[in-house]
Engineer: 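The structure follows.
Note that the numbering runs from 1 along the sequence shown for the chain.
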Amino acid sequence: FEIDDAATVELKQRCYAAARIVPRVTLIAGNYVTDGLIDLLRSNAFDFDVPTYFIWEGNVMYMPLAHDKRTMQQLKKSLKRFRLSFDYLSECVIAKSTGDASLTVLVESFEAMRAPWVSGIDDVYALAREVGLHVVENFTTGDLYRKYRGRPASSPIFEHYSICTLELGGAEK
């Protein structure tokens with residue numbers, strides 16, 4: 001299941017058709033914030049009883065943290081067992097207070113494109129506790145770069161850009 005705006009869903013469908021690919025995915029046109037994540041899934045035959053893995057990339061930093069928490073709580077309320085992976089930035093990047101001019105320029109470039117970053121997270125463990133989930137893993141992309149490339153990352157953003165996986169198990173609901 002993949003939720004995206006209607007134009008993006010249509011583009012993906014055209015690309016699949018042009019490449020003669022029959023995707024094994026249910027593409028759902030909609031906005032999971034305004035249309036309701038659970039409603040969109042329910043109206044597309046999503047099985048809420050099956051353990052599920054959500055990839056929620058490129059979203060958290062673009063919405064107020066209250067919306068992010070609400071999405072996590074909706075999942076917790078509606079599913080019996082799931083994992084949720086998402087990317088996020090540290091608060092100091094959003095506030096332009098890292099002390100690194102290149103990061104301030106990066107933040108301002110997103111603002112100039114009318115795609116401002118509005119939410120950062122400094123303590124993902126506290127966030128997980130607040131929404132009643134558990135951290136499975138959490139890494140900065142700098143950590144991953146060093147682990148898999150064997151050398152330091154080339155940009156300071158990698159120390160402020162992280163990937164986290166949260167979990168809700170069947171007994172916790």
Engineer: Might you point out which heavy atoms bring Gly120 and Leu65 nearest each other, and give the distance in Å?
Structural biologist: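 Gly120 and Leu65 have their closest heavy atoms at O-CD2, 4.3 Å.
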
Engineer: Going from NE2 on His134 to CG on Leu168, what distance comes out if it is rounded to the nearest 0.5 angstrom?
Structural biologist: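 Going from the NE2 atom of His134 to the CG atom of Leu168 covers 7.5 Å.
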
Engineer: Using the rule given for side-chain contact (heavy atoms from CB on, under 4.5 Å), can you reason through Phe48 versus Ile38, listing the C-alpha separation, both sets of side-chain angles and the distance that settles it, and then say yes or no?
Structural biologist: CA-CA 9 Å; Phe48 291 89; Ile38 302 307; 3.9 Å; yes

Engineer: Does a sphere of radius 6.0 Å around OH in Tyr53 hold more than 12 heavy atoms from other residues, nucleotides or ligands, not counting ones at 6.0 Å or beyond?
Structural biologist: yes

Engineer: Under the side-chain contact (heavy atoms from CB on, under 4.5 Å) rule, what do Arg14 and Leu11 come out as? Steps first, then yes or no, please.
Structural biologist: CA-CA 5 Å; Arg14 284 194 312 271; Leu11 173 64; 3.6 Å; yes

Engineer: Less than 4.5 Å apart, side chain to side chain, heavy atoms only: is that true for Arg70 and His67?
Structural biologist: yes

Engineer: Ignoring hydrogens, what is the shortest heavy-atom contact between Val135 and Asn138? Give both atom names and the distance.
Structural biologist: CG1-CB, 4.1 Å

Engineer: If I take atom CD from residue Glu10 and atom CG from residue Asp5, how far apart are they, to the nearest 0.5 angstrom?
Structural biologist: 9.0 Å

Engineer: For a quick test of reading the model, state the closest non-hydrogen atom pair linking Pro116 to Glu111 and the distance between them.
Structural biologist: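 Reported closest heavy-atom pair: CB-CG, 4.0 Å.
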
Engineer: Looking only at heavy atoms, which two atoms of Asp4 and Thr8 are closest? And how far apart?
Structural biologist: OD2-CG2, 3.4 Å

Engineer: Give a yes or no on whether Val118 and Leu106 share a hydrophobic cluster (residues Ile, Leu, Val, Met, Phe, Trp, Tyr; joining criterion: side-chain heavy atoms under 4.5 Å apart).
Structural biologist: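 No, it is not one cluster - the side chains of Val118 and Leu106 are not joined through contacts under 4.5 Å.
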
Engineer: For Gly58, does its backbone N or O pair with a side-chain atom of Asp87 as donor and acceptor, under 3.5 Å?
Structural biologist: yes

Engineer: Aromatic rings Tyr62 and Phe110: how do their planes relate, parallel, tilted or perpendicular, breaks at 30° and 60°?
Structural biologist: tilted

Engineer: Side-chain heavy atoms nearer than 4.5 Å, only ILVMFWY residues, links allowed to pass through others: does that put Val25 and Phe82 together?
Structural biologist: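 In one cluster with Val25: Phe82, no.
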
Engineer: For the side chain to side chain contact (heavy atoms under 4.5 Å, CB included) test, which of Leu84, Leu166, Thr165 pairs with Val136?
Structural biologist: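 Testing Val136 for a side chain to side chain contact (heavy atoms under 4.5 Å, CB included) against Leu84, Leu166, Thr165 leaves exactly one candidate, Thr165.
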
Engineer: In terms of hydrophobic clustering (I, L, V, M, F, W, Y; side-chain heavy atoms under 4.5 Å; direct or indirect links), are Val124 and Ile94 co-clustered?
Structural biologist: no

Engineer: Report whether Trp117 and Ile163 are members of the same hydrophobic cluster (ILVMFWY, side-chain heavy atoms less than 4.5 Å apart, transitive linking).
Structural biologist: no

Engineer: Grouping I, L, V, M, F, W and Y whenever their side-chain heavy atoms are under 4.5 Å apart, do Val60 and Tyr125 come out in a common cluster?
Structural biologist: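 Looking at the clustering, Tyr125 is in the same group as Val60.
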
Engineer: Heavy atoms only: give me the nearest Lys76-Val131 pair and the separation to one decimal.
Structural biologist: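 The answer is CD-O, 3.3 Å.
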
Engineer: Walk me through it: do Lys77 and Gln74 pass the test side-chain contact (heavy atoms from CB on, under 4.5 Å)?
Structural biologist: CA-CA 5 Å; Lys77 180 180 176 187; Gln74 288 171 356; 5.8 Å; no

Engineer: Indicate yes or no for a side-chain donor-acceptor contact from Thr141 to the backbone of Tyr161 under 3.5 Å, with no hydrogens or angles considered.
Structural biologist: yes

Engineer: Could you check whether any side-chain heavy atom of Leu103 comes within less than 4.5 Å of a side-chain heavy atom of Ile157, counting everything from C-beta outward?
Structural biologist: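 Yes, at least one pair of side-chain atoms sits under 4.5 Å.
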
Engineer: Kindly assign one of parallel, tilted or perpendicular to the pair Phe46 and Phe54, based on the angle between their ring planes and the thresholds 30° and 60°.
Structural biologist: tilted

Engineer: Under a 4.5 Å cut-off applied to non-hydrogen side-chain atoms, are Asp123 and Glu130 in contact?
Structural biologist: no

Engineer: Would you say that Pro156 contacts Thr98 through its side chain, given a criterion of any heavy-atom pair below 4.5 Å between the two side chains?
Structural biologist: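 No, their side chains stay 4.5 Å or more apart.
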
Engineer: Thr140 side chain to Glu159 main-chain N or O, any donor-acceptor pair under 3.5 Å?
Structural biologist: no

Engineer: Can you tell me if Ser78 uses its side chain to pair, donor with acceptor, with the backbone of Leu75 under 3.5 Å?
Structural biologist: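 Looks like no, no N/O pair under 3.5 Å.
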
Engineer: So, do Trp56 and Met72 sit near enough that their side-chain heavy atoms are less than 4.5 Å apart?
Structural biologist: yes

Engineer: Please lay out, stage by stage, how Met61 and Val93 fare under the test side-chain contact (heavy atoms from CB on, under 4.5 Å).
Structural biologist: CA-CA 10 Å; Met61 66 280 290; Val93 170; over 6 Å; no

Engineer: Could you tell me the separation between the CG atom of Leu133 and the CD atom of Gln73, rounded to the nearest 0.5 Å?
Structural biologist: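 It comes to 8.5 Å.
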
Engineer: Ile28 versus Leu41: any side-chain heavy-atom pair under 4.5 Å?
Structural biologist: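 Yes; the side chains approach each other to less than 4.5 Å.
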
Engineer: Evaluate the side-chain proximity of Phe86 to Asn59: yes if any heavy-atom separation is below 4.5 Å, no if none is.
Structural biologist: no

Engineer: Would you call Thr104 and Glu108 a side-chain contact if the rule is heavy atoms closer than 4.5 Å?
Structural biologist: yes

Engineer: Let me confirm one number: the CG-CD1 distance from Leu40 to Ile3, rounded to the nearest 0.5 Å.
Structural biologist: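 With rounding to 0.5 Å, CG (Leu40) is 5.0 Å from CD1 (Ile3).
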
Engineer: Quick one: closest heavy-atom pair of Ala153 and Phe158, and the distance?
Structural biologist: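 Smallest interatomic distance, heavy atoms only, reads CB-CD1, 3.4 Å.
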
Engineer: Step through the shown structure and confirm whether more than 12 heavy atoms of other residues, nucleotides or ligands are within 6.0 Å of CD1 on Ile55.
Structural biologist: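 No - once you tally the heavy atoms of other residues, nucleotides and ligands closer than 6.0 Å, there are 12 at most.
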
